There are 2 protein chains.
Amino acid sequence: MVGMRRPTMADVAREVGVTAKTVSRVLNDDGPVAVETRERVMEAVRKLGYQPNLMARNMRVGARDAAIGLVIPEMGNPFFGTVAGGVESVVRPRGLTLIVGSSSETAELERSLVATFLARRVSGLMIVPSAAGDHRYLRAERAAGLPIVFLDRPAVGMAADHVVSGNREGARQGVAHLLAHGHRRIGFVGDLPAVLYTRRERFQGYRDALEAAGLPFDRALVESGHDQEAASAAVVRLLALPDPPTALFAANNFASMGAVVALARARRRDVALVGFDDLPLAEVLEPPLTVVAQDPAAIGTAAAELVLSRLDGRPSRAACREQIPTRLIARGSGELPPSR
Amino acid sequence: MVGMRRPTMADVAREVGVTAKTVSRVLNDDGPVAVETRERVMEAVRKLGYQPNLMARNMRVGARDAAIGLVIPEMGNPFFGTVAGGVESVVRPRGLTLIVGSSSETAELERSLVATFLARRVSGLMIVPSAAGDHRYLRAERAAGLPIVFLDRPAVGMAADHVVSGNREGARQGVAHLLAHGHRRIGFVGDLPAVLYTRRERFQGYRDALEAAGLPFDRALVESGHDQEAASAAVVRLLALPDPPTALFAANNFASMGAVVALARARRRDVALVGFDDLPLAEVLEPPLTVVAQDPAAIGTAAAELVLSRLDGRPSRAACREQIPTRLIARGSGELPPSR
DNA sequence: TTGTAAGCGTTATCAT
DNA sequence: ATGATAACGCTTACAA
């Protein structure tokens, strides 16, 4: 039983007494086929359990695999998972399969994944670039007409299509929300400086809001950490300042969780908090967490549609950027008044 | 520039003045090649920017795609995302690519995804089966030697390898934990009855624990809901009973969140709670949530290793089942004493 | 309406 | 150490 050769088109053809081409015609609704022949072919297909070999088809037909390669930093992260889900939802109805790999945020893994995808001759490439990367090596591919779209962050060293959140505007809105509730000293808790595109943008939004309100920028109110624990520590430092903030803006979900934990540990229910990126349990926290929510599914679908439009021949001479707007969700923590 | 044909092995060969087969030898470290020839080939490869075509290779070499097809219910769900990450971490070092699709928990989508994967001639199939499915149609594939492994839930209508959490034992442990803290009336909040394998197993664990403690089973203490809101409502009903439970066991994370929300809304800090499956913010809740944590990454890696071992020729005559143990994490909510 | 021949880009086999 | 030829399973182009 094991290793039994799979039936091929030729096997089906032999069974019916026709040629492979005729079977192909039936299966692809190509060219004219006699009704009776069609029926006999279909029956032989069922009888033999024949399944067309997509590999062979792809190879002959386009020299391109009917697949889209997607690189994300991490599969277990619901943000990127939802992005991937968005991509799949637009790509599958077009008959394209999704091939996914995770880079663990390292440029090396990202590059090796991309190499694999290119070797497979995927029809399109979608990349959430890792921080340290350089994408110049993809210029030739892009020039040769391969649709390449970057997600969540733009490419480095190369002008290419990309779809990102409205980071700057979203952060501005979140901070403006705190300002509107009377806060004048607002701490910023973000990733390690300058490394990440999103951190830079959101930081700009923070400054935009302050400037629009005519408030001075105080470097002492800016703290960073690369994970939840570090963010907690950052919050502790902020609250220990001589002139501490009455509100916090957490620039990503690790920072948000770190801030929530730090405030809970310190039993500080008087510090306002707005986080960038929504959390599953946000409404259960005390107080419920006010957030600037992103729309990861929309990032995925928009990027996938961009790839499809390139595939359909939309010229890709000029790189285009798409911004997916964020949405402020007021739940309580961002509406607390200043404590002093 | 667009549509420029990619260099093939033949192009490289022509450039060097040899045959395609020689280039193939160099690239695959196959057979003997003169040192000088090898160098000239490598240089031509660089010069032309040649990249081997994996599709063609796969087709010729094994009639199998060097890929593993994985079906999960939902990409945005961190549980399944982490499972997928576990699979990838095992499969990639072996040179296999991961192809993923989500079924949205519907048997139709699952089946169509599987069909696509089979048509691509993947080397292995990994499926988190959706509730309503029937997998008899896969028996022939399995008999023909295709490695097929089910994750998180077993197959229906067919004996096949599967890797699942220790649902029953984990639930037993969680409930026993509550019993050890003095509770005698423990409510069970789960999915809709009987539909889902995991719900059945965990319910059995609940009963095991009661039985071991010599406590009677009270049907009134069992409630169900298919999402967070329904679970909340279920908890409200339980607490309104004439002789209400002093503790709750939530059999999945939706139920856990629903229970947390319901207790918070009712300002009931006196009801103990143990949830099945960990939550990101569990330690931030008040009180911090005690859980029976699963190990989704381990489920993924174990299942992937099973596929690889089958691929390496381990006979698959008998289906094997692997249980990944759970781990009780006591954080506070499960250690509350009975309120009366 | 159906068949024939050729080819997609590799690698296996057998020669040289 | 290298080459010639065929083959993998399918589709395109053309012929019958």
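In this text, all values refer to a predicted model and were calculated from it rather than measured experimentally. Below, chains carry the letters A, B, ... as their sequence lines are ordered, and counting in each starts from 1.
- If B:Ala56 and B:Thr37 are placed on DNA chain D by their nearest nucleotide, the residue sitting closer to the 5' end is B:Thr37.
- With rounding to the nearest 0.5 angstrom, the OG1 atom of B:Thr97 is 8.5 Å from the CG atom of B:Asn58.
- Contact of the B:Thr22 side chain with the B:Val16 side chain is not registered, since no non-hydrogen atoms from C-beta on lie closer than 4.5 Å.
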Begin with the C-alpha distance, continue with both residues' side-chain angles, and end with the deciding distance and a verdict on side chain to side chain donor-acceptor pair (under 3.5 Å) for A:Glu110 and A:His135.
CA-CA 10 Å; A:Glu110 176 189 322; A:His135 301 95; 2.7 Å; yes

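- The number of heavy atoms from other shown groups lying within 6.0 Å of CZ (A:Arg136) does not exceed 12.
- Chain B approaches DNA chain D over the interval D:dA1 to D:dG9, counting the first and last nucleotide 5' to 3' with an atom under 4.0 Å from its heavy atoms.
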Begin with the C-alpha distance, continue with both residues' side-chain angles, and end with the deciding distance and a verdict on salt bridge (charged side-chain N to carboxylate O under 4.0 Å, His left out) for A:Asp134 and A:Arg111.
CA-CA 9 Å; A:Asp134 178 337; A:Arg111 188 150 174 174; over 6 Å; no

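- When each of B:Thr301, B:Ile324, B:Val83 is tested with B:Val163 by the rule side-chain contact (heavy atoms from CB on, under 4.5 Å), just one qualifies, namely B:Ile324.
- Checking each of A:Leu306, A:Leu311, A:Asp312 against A:Ser309 for a side-chain contact (heavy atoms from CB on, under 4.5 Å) leaves exactly one that passes, namely A:Leu306.
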Pair B:Arg92-A:Thr116, side chain to side chain donor-acceptor pair (under 3.5 Å): steps then yes or no
CA-CA 10 Å; B:Arg92 266 200 89 221; A:Thr116 307; 4.6 Å; no

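- To the nearest 0.5 angstrom, A:Asp11 atom CG is 9.0 Å from A:Glu15 atom CD.
- Residues of residues 13-26 of chain A that place a heavy atom closer than 4.0 Å to DNA chain D, in numerical order, are A:Lys21, A:Ser24.
- When DNA chain C is scanned 5' to 3' for any atom under 4.0 Å from a heavy atom of chain B, the first and last hits are C:dG9 to C:dA12.
- The pair A:Arg94-A:Glu305 does not meet the salt-bridge criterion, since no charged nitrogen lies less than 4.0 angstrom from a carboxylate oxygen.
- Using a 4.0 Å heavy-atom criterion, one finds that B:Asn58 contacts no nucleic acid atom at all.
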